[in-house]
Amino acid sequence: MLIVQKFGGSSVANADKIQKAAQRIVDTYKNGHKVIVVLSAQGDTTDDLIAKAKEINPEPSKRELDMLMATGEQQSCALMAMAIHRLGFPAISLNAVQVGISAFPQYGNARISRMKCDRIYSELERNSIVIVTGFQGINQYGDISTLGRGGSDTTAVAIAAEMQADLCEIYTDVDGVYTADPRMVKNAKKLKEISYDEMLELASLGAVVLHNRSVELAKKYNVRLVVRSSITDAEGTVVKEESQMESTYISGIALDRETAQITLIGMKDDPGMAFKIFSFMAKNKISVDIIIQSIGRQSVKDISFTVSTENLADTINLLEKNKDFIGYSHIMHDANQAKLSVVGAGMATNPGVAAAMFEALSDANISINMISTSEIKISVLIDERDAEQAVRYVHNRFFEQGVEF
Ligand code: ASP
Ligand code: MG
């Protein structure tokens, strides 16, 4: 089989962990498989590099920041090759330039556009274990650009897709995907399997196990993904096309604390207002999430929406600069919001799910600021200080009380 094994930063954080991961890689190789390894930077390296940059210049150029950040992955890959050599097996590390991973130009948030795998093929032909830097691509100017935080998962899946690997294993410090963050909810349960769509929702909604774009890619190219622990041999969670739904309506609960709410008060109640605002946002590549619009009264209305906290300052700036053009009286914003979501493929046909979620929040005495729903998820915006309690109550309602609909 051709297997891609990706190890996250915590799984290669120090020499000991690198040796352990190397052993796992070699065991797979010894079983007769061809192995491609994709690595993140060690531990907090990426954060440390960013801090270092900011020490020198609080607003570093995005190009140079990518140049710097990309060194983290290169370190872990070279070290891993050395660890495998020490075990007596052939291995070679390659960065994005050497492999030929092309990306669209946006520094800091590049998207993989093309993947050349000739070099990987030829190294595999030589029976080498091939170790590839995650998180990087080469843009049209020939510059290194990074894929966004957590992007190594996406590199791994892209390689697995391009090379039609039989399996893509994501090794991390948790042993799978849980019904809720186990650090917050003691009784969270590990899922045996989950569908791409559900995983995509969970990943986009703040469950940090997988980079959401990696799940998108896996779905598009039907890559079989397994999330598992780099420390134990526990089975992990399989992410695949159709999950056996059995009797579960809900597969998990996600919390995104990095959510900010913005409200434009006193907008003209004219057609095209929403278009004006959101096309500005799109042009500036800021994604908007939950949107609500009040009912017009005396020819004015309010529009409220959420963005991720890191985009709050830019968004406010943008809206203020274009105040006259958009036409509103003032802006309100709140960075201390959190988005709590329940996700499950089985809820599409079941109105009881929303009611159960709202009931749990009401039991916890937590008020809801915004609501949004899709086929397989319900999200609510709540105050960040209520977030953990909300997760526990909602988890209890769905997974511990054994709800019947
Ligand atoms: N090292 C990068 C980060 O910390 C990429 C990754 O870990 O996936 O975001
Ligand atoms: Mg990660």
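The analysis underlying the following values was restricted to heavy atoms, covering all of them including side chains, and did not include hydrogens, waters or symmetry mates. Both counts, for ligands and for their atoms, begin at 1 and track the order of listing.
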For the residue pair Phe7 and Tyr171, categorise the inter-ring angle as parallel (less than 30°), tilted (30 to 60°) or perpendicular (more than 60°).
parallel
For ligand 1, which part of Glu73 has a heavy atom less than 4.0 Å away: the side chain, the backbone, both, or neither?
side chain
Tyr178 side, atom OH; His395 side, atom NE2 - distance, nearest 0.5 Å:
11.0 Å
Counting heavy atoms only, which of Ser40, Gly9, Ala156, Ser76 is nearest atom 7 (O) of ligand 1?
Ser40
Would you please determine whether Gly134 falls within less than 4.0 Å of ligand 1 on a heavy-atom basis?
no
Just by distance, do the side chain of Ser40 and the backbone of Gly8 share a donor-acceptor pair under 3.5 Å?
no
Would you say His211 touches ligand 1, if touching means a heavy atom closer than 4.0 Å?
no
Find all atoms of ligand 1 within a distance of less than 4.0 Å from any non-hydrogen atom belonging to Arg149, and give their numbers and elements.
3 (C), 4 (O), 9 (O)
Ligand 1 atoms in contact with Gly150 (distance to a heavy atom under 4.0 Å):
3 (C), 5 (C), 6 (C), 8 (O), 9 (O)
Name all residues meeting the salt bridge (charged side-chain N to carboxylate O under 4.0 Å, His left out) criterion together with Lys301; count only those two or more places apart in sequence or in a different chain, and write none if there are none.
Asp269
Any side-chain donor-acceptor pair under 3.5 Å between Ser362 and Glu359?
no
What do you reckon, does Gly72 put a non-hydrogen atom under 4.0 Å from ligand 1?
no
Does atom CG of Asp16 have more than 12 heavy-atom neighbours from other groups under 6.0 Å away?
yes
